[in-house]
Each structure stands twice: as structure tokens, then as C-alpha cells.
Amino acid sequence: MRQTILLVDDDPARLNLLARLIKQAGFRTITARIGPSGVSFPEHEQPVLVLLDYGSGSERNARDIAALIRLRYGSTRLVLLSSRSSLPPEMAGLVDEFAHRDGDESVLSALKQWLIRGRSAGQGAE
């Protein structure tokens with residue numbers, strides 16, 4: 001069974017692009033779109049990793065969304081993607097990893113590393 005990655009973003013075009021890229025790399029993807037009133041998480045899913053976009057244009061900020069993800073998915077690895085060069089201070093303690101979104105290949109390479117680290121920490125095995 002392929003590992004499931006949850007993608008969380010407010011931009012449907014970016015969600016589709018990233019989902020397609022990650023599927024081509026051999027993973028199963030599910031998406032959650034950030035809307036004006038919150039996030040619509042997929043029912044009955046337990047991803048091995050969650051990728052959250054920092055630059056949400058929604059009324060909810062990334063810190064709020066990360067807190068919701070933690071409530072829903074517990075200790076599932078949470079990775080923040082951003083065009084910023086470093087982890088925003090308000091996200092410290094809420095996310096497991098930070099990635100500068102500077103291209104598709106860098107995201108895929110980092111994704112594989114996060115999953116390897118998650119397995120070595122006792123997470124992510126299916």
C-alpha cells in the first residue's frame with residue numbers, strides 16, 4: 001500500500017499541482033482546502049505526513065491551521081512549506097519540519113527524507 005500524504009492549502013491550483021507531482025513520485029495524496037471558515041479535512045484518513053502551506057490567504061492563519069491538524073492527526077509528521085527562508089517564529093513547536101518551497105524537486109527530495117526520519121522514529125510504517 002502506498003503511503004498517504006495530506007496536502008493542506010487555500011489555493012486549489014497549487015493543491016492540484018503538488019498532488020500530481022507527489023503522485024508521480026509514488027505516493028497517495030489527499031487534500032484539504034483551507035476556506036474562509038476553516039479547513040475541510042478528509043474523513044476516515046490517516047496520512048503518514050501532512051504538508052501545510054504557510055502562505056494562506058484565508059482568514060485562518062497557518063498557526064491556527066497547524067493547531068487544527070495537530071488536534072485531528074495527533075503526532076503525524078507536519079511539514080510547513082513556505083517561500084520564506086526560515087521557519088516563522090510563531091510556528092515553532094507546532095511543526096516537525098520546515099521546507100523552503102523553491103521547486104518541485106526540492107520538495108520531493110525533502111519529502112523522502114521526512115518519511116525516512118519518520119520511520120526511524122517509529123512513525124510512517126504501513
Side-chain angles (χ1 to χ4, degrees):
M1 181 177 224
R2 295 184 301 164
Q3 292 177 307
T4 300
I5 311 296
L6 171 61
L7 310 173
V8 183
D9 200 322
D10 66 326
D11 182 342
R14 196 168 33 221
L15 273 174
N16 289 335
L17 180 66
L18 192 55
R20 195 173 25 233
L21 175 73
I22 292 172
K23 284 177 186 176
Q24 288 173 352
F27 299 97
R28 177 176 174 263
T29 61
I30 52 177
T31 61
R33 184 158 177 237
I34 302 168
S37 60
V39 183
S40 178
F41 291 111
E43 294 292 323
H44 311 294
E45 295 281 358
Q46 187 58 45
V48 297
L49 187 125
V50 178
L51 295 176
L52 169 63
D53 180 60
Y54 179 72
S56 171
S58 133
E59 292 177 20
R60 296 265 180 138
N61 64 34
R63 183 171 176 74
D64 293 342
I65 302 301
L68 290 173
I69 291 168
R70 285 290 182 218
L71 284 173
R72 176 131 184 145
Y73 298 106
S75 62
T76 298
R77 293 188 75 70
L78 175 54
V79 179
L80 184 69
L81 295 176
S82 176
S83 57
R84 296 178 78 159
S85 60
S86 62
L87 178 68
E90 73 274 10
M91 299 304 291
L94 281 173
V95 299
D96 298 303
E97 304 278 349
F98 170 78
H100 176 69
R101 187 182 41 222
D102 60 356
D104 297 343
E105 290 306 314
S106 67
V107 171
L108 286 178
S109 175
L111 178 66
K112 291 173 185 174
Q113 290 303 311
W114 298 318
L115 290 170
I116 289 167
R117 280 199 293 269
R119 263 190 238 116
S120 66
Q123 299 175 352
E126 279 195 23

**OP:** For R72 and P42, work out which heavy atoms get closest and say how close.
**Re:** NH2-O, 3.0 Å
Original post:
Residues in side chain to side chain donor-acceptor pair (under 3.5 Å) with R63, at least two apart?
Top reply: none
For a quick test of your reading: what N or O donor-acceptor pairs under 3.5 Å do the side chains of residues 26-33 make, sequence neighbours left out?
unit_1: R28; atom_1: NH1; unit_2: T4; atom_2: OG1; d: 2.9
unit_1: R28; atom_1: NH1; unit_2: E45; atom_2: OE1; d: 3.0
unit_1: R28; atom_1: NH2; unit_2: E45; atom_2: OE1; d: 3.4
unit_1: R28; atom_1: NH2; unit_2: E45; atom_2: OE2; d: 2.8
unit_1: R33; atom_1: NE; unit_2: D10; atom_2: O; d: 3.4

**OP:** Answer whether the closest heavy-atom distance between the side chains of D11 and D53 falls below 4.5 Å.
**Re:** no
Subject >> R84: salt bridge (Lys or Arg N to Asp or Glu O under 4.0 Å) partners, not counting sequence neighbours >> reply: none
**OP:** Using the side chain to side chain donor-acceptor pair (under 3.5 Å) rule, collect all pairs that involve residues 17-26, keeping only residues at least two apart or in two chains.
**Re:** none
**OP:** Supply the atom-to-atom distance L7 CG to L15 CG, rounded to the nearest 0.5 angstrom.
**Re:** 6.5 Å
Subject >> Interatomic spacing from CD1 in I69 to CG in D64 - rounded to 0.5 Å >> reply: 11.0 Å
**OP:** Any chance you could lay out the side chain to side chain contact (heavy atoms under 4.5 Å, CB included) test for Y73 and L78, step after step, and finish with the verdict?
**Re:** CA-CA 9 Å; Y73 298 106; L78 175 54; over 6 Å; no
Subject >> ring pair (Phe, Tyr, Trp, His ring centres under 6.0 Å) partners of residues 1-21, not counting sequence neighbours, each pair once >> reply: none
Subject >> Validation row: S83, Y54 side chains within 4.5 angstrom (heavy atoms) >> reply: no
**OP:** Could you tell me the separation between the OG atom of S86 and the CZ atom of F98, rounded to the nearest 0.5 Å?
**Re:** 6.0 Å
Original post:
How close do A66 and M91 get, heavy atom to heavy atom, and via which atoms?
Top reply: CB-CE, 3.8 Å
Original post:
Excluding sequence neighbours, so at least two apart, what forms side chain to side chain contact (heavy atoms under 4.5 Å, CB included) with N16?
Top reply: none
Original post:
Can you check whether D9 reaches L18 side chain to side chain, under 4.5 Å on heavy atoms?
Top reply: no
Original post:
What is the minimum heavy-atom distance between P47 and T76, and which atoms define it?
Top reply: O-CG2, 3.3 Å
Original post:
Going through the distances and angles, do V50 and V79 end up as a side chain to side chain contact (heavy atoms under 4.5 Å, CB included)?
Top reply: CA-CA 6 Å; V50 178; V79 179; over 6 Å; no
Original post:
With respect to L80, which candidate in L51, L87, L94, D96 satisfies the side-chain contact (heavy atoms from CB on, under 4.5 Å) definition?
Top reply: L87
